[in-house]
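Take a look at the structure below.
Worth saying up front: this structure is predicted, and the values here are computed from it rather than measured. Start at 1 with the first residue, then count along the sequence.
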Amino acid sequence: MTDRTSLPHGADAVPARSWWGWGDPGQALPDAECAELAALVPGAAGTALPVPTIASLELPPVRVSAPRTLAHLVSDAPAVRAGHTYGKAFRDVVRALRGDLAAAPDLVAFPREERDVVDLLDWASGADVAVIPYGAGSSVVGGVEYRAGSHSGVLSMDLSGMGRVLEIDRVSRSARIQAGALGPGLEAQLRPHGLTLRHFPQSFAFSTLGGWLATRAGGHYATLHTHIDELTAALRVVTPAGVSESLRLPGSGAGPSPDRLFLGSEGTLGIITEAWMRLQDRPVHKASVSVVFDRFPAAVDAVRAIAQSGLHPANCRLLDPGEAALSGVAGGGGSVLVLGVESAHHPVDGRLAELVALARDHGGSPTAGAPAAGESAAEAWRSAFLRMPYIRDGLARMSVISETFETACTWDRFPELYEAVHRDVGAAVRAATGAEPIVNCRFTHVYPDGPAPYFTVIAPGRRGSEVAMWDAVKAAAMRTLGEHRATVTHHHAVGRDHRPGYDRQRPEPFALALRAAKQALDPAGILNPGVLFDPAV
């Protein structure tokens, strides 16, 4: 018995994206709203940095040209080069606003099929042209910026033209999907079949399947299948040494997993072109509620009990008092836990009641009123969550330092880590800016053995010194995480910005193995140089 569908060709339209900041350019905050935000941060600049026009940018000269046979795949248009220069970290946004495009790629390639990727890599390997794989450019860790400095040219390879769901196996609930599929287009192609990948990162509208796979991205769901690698059945990867295609299986104990080599490799070992992904039936039963706690430690204990209960809520977001106030979910100094459950097959009210009972046992108070009140609290959080990157950009235009970093640690270590971030990272902010910072925390994902805390740090910066200040805060965050045995990243990836912390976290024998794999698969050293590790010497 089979129920497999081969889908027609035709990539989804790629939405307009801001060349300098996050997401939809139409959603960027106007000057007046930037000023209103900055008024909440004492000491912030009084006027917003202007957004440069493409015509005003001074891009470095193009150093290389593609051979005639590939010329139809590449562009050196200023707008295209500018839009592929940086990701979306704070330091990227500030440099773009300053018109600093020194790292712009020489060319941007738009392959339409796997053969194009093979041909482009063959040319680049022979011409000593660095290749930076590019999904939708939402990296916040320097993952798509060339910094190595010694290649004869730089090619940004944009996979957005390869965005189709090629095949669906309804019986096994899986699909073969091209790596350039953006989140909304991917789900739109699955929806007629009643299926979903159920992976919704904050960057969902402006990130691709290939980017999720290459960075081991975390989705919106807080428990159970939190990362994209848990949804991956098989990968097809183009490397300079050949094409790697793993066998689609529900599980296997046959040696080290070939997929695990490329998941999280961030474009350093090959370019993911297709993946078989495990799907789920679309949920039809949903319920949510928010719970308020007077004491943050009690809220942490409640979340630990929930994470260890086996009830697997879809949403389990704990906001400390500062984060709850900043998000507009609650005020009054309380912590807020947003809980949500869903199912494709069974009513969920009973499971939500069990979760609320656990929260009550630790002093939590569900929001008063009908279920709709709880739903409105959850929706308020969701709206704030999706709006946050645009707010960050607005603050950047006002020279307000805004850094977010996420991690994971065991439950026994969290209280000390929480205090250390406030103390040590806060001290670094004061030293860099001379101002008292806002330091907030929320849990994005939770596991039976520990949480994934996400910290937000906000402070006024000095105009012209924003990048140096941000770098100082980032360095302090990496030191603090390492000192408390927390991971350098839970779901943002390593890129170039997290390299110092990753170098300390990674076992040296594993580093040797990674460098050996790099030498074998990419002997010319062209793929995303400087990410994860330096080449073997």
Side-chain angles (χ1 to χ4, degrees), residues 1-17 23-24 26-27 112 135-136 138 159-213 217-236 248 250 272-288 312-315 340-348 375 378-379 381-383 385-386:
M1 173 183 175
T2 61
D3 185 9
R4 185 177 295 181
T5 305
S6 294
L7 302 178
H9 287 255
D12 294 297
V14 176
R17 296 197 298 263
D24 180 356
Q27 296 296 315
R112 305 295 295 180
S138 59
L159 277 293
S160 60
M162 298 171 61
R164 299 183 295 274
V165 175
L166 299 172
E167 193 174 355
I168 290 179
D169 177 355
R170 191 65 178 82
V171 171
S172 305
R173 281 200 323 194
S174 56
R176 182 167 64 97
I177 308 169
Q178 289 184 311
L182 288 157
L186 187 160
E187 287 293 330
Q189 294 175 77
L190 296 177
R191 189 172 294 111
H193 302 270
L195 296 169
T196 175
L197 182 59
R198 197 178 179 269
H199 184 80
F200 302 105
Q202 186 180 39
S203 61
F204 174 72
F206 301 99
S207 56
T208 64
L209 173 63
W212 302 340
L213 295 165
H220 175 71
Y221 292 93
T223 65
L224 205 58
H225 303 304
T226 59
H227 280 75
I228 194 67
D229 31 343
E230 298 163 303
L231 307 177
T232 304
L235 293 180
R236 186 172 172 88
R248 178 167 64 112
I272 299 167
T273 56
E274 293 179 12
W276 274 100
M277 304 301 299
R278 300 183 177 101
L279 307 177
Q280 300 182 44
D281 295 325
R282 300 186 69 83
V284 294
H285 304 281
K286 299 182 179 181
S288 63
H312 303 308
N315 197 359
V341 288
E342 63 179 42
S343 172
H345 307 289
H346 309 292
V348 295
E375 291 168 1
E379 284 303 312
W381 157 246
R382 182 178 182 277
S383 297
F385 177 71
L386 296 175

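- Contact between G135 and S160 at its shortest, heavy atoms only, is O-CB, 4.4 Å.
- Put simply, NE2 on H225 and NE2 on H227 are 13.5 Å apart, with the number rounded to the nearest 0.5 Å.
- Atom CD1 in I177 sits 9.0 Å away from atom CH2 in W276 (nearest 0.5 Å).
- Within the 4.5 Å cutoff, the side chain of W212 has heavy atoms near those of the L186 side chain.
- For the atom pair NE2 of H199 and CD of Q280, the computed distance is 12.5 Å after rounding to the nearest 0.5 Å.
- Listed for the R17 side chain is no donor-acceptor partner under 3.5 Å among the backbone atoms of G23.
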With salt bridge (charged side-chain N to carboxylate O under 4.0 Å, His left out) as the test, would you mind laying out the steps for D169 and R176 before giving the verdict?
CA-CA 8 Å; D169 177 355; R176 182 167 64 97; over 6 Å; no
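- When all heavy atoms of T226 and Y221 are compared, the pair lying nearest together is CG2-O, 3.8 Å.
- For R278 (side chain) and T232 (main-chain N/O), a donor-acceptor pair under 3.5 Å exists by modelled atom type.
- Here the CG-CD1 distance, from L209 to I228, works out to 6.0 Å after rounding to the nearest 0.5 Å.
- When all heavy atoms are compared, the tightest approach of A16 to F206 is O-CE2, 4.0 Å.
- Taking every heavy atom of both residues into account, A344 and V284 meet most closely at O-CG2, 3.5 Å.
- At least one side-chain heavy atom of D281 sits less than 4.5 Å from a side-chain heavy atom of L195.
- Proximity of a side-chain donor or acceptor of E187 to a complementary backbone N or O of L197 within less than 3.5 Å is detected.
- Rounding to the nearest 0.5 angstrom, the gap separating the OG1 atom in T223 from the NE2 atom in H312 is 6.5 Å.
- Smallest separation of non-hydrogen atoms from I272 and G210: CD1-O, 4.4 Å.
- Summarising the geometry of S343 relative to V348, their closest heavy-atom pair is CB-CG1, 3.7 Å, with the distance given to 0.1 Å.
- Counting only heavy atoms from C-beta outward, the side chains of N315 and H220 approach each other to under 4.5 Å.
- The only member of R198, K286, H285 that meets side chain to side chain donor-acceptor pair (under 3.5 Å) when paired with E342 is R198.
- Distance check: L224 CG to E230 CD gives 7.5 Å after rounding to the nearest 0.5 Å.
- The shortest distance between side-chain heavy atoms of L213 and M277 falls below 4.5 Å.
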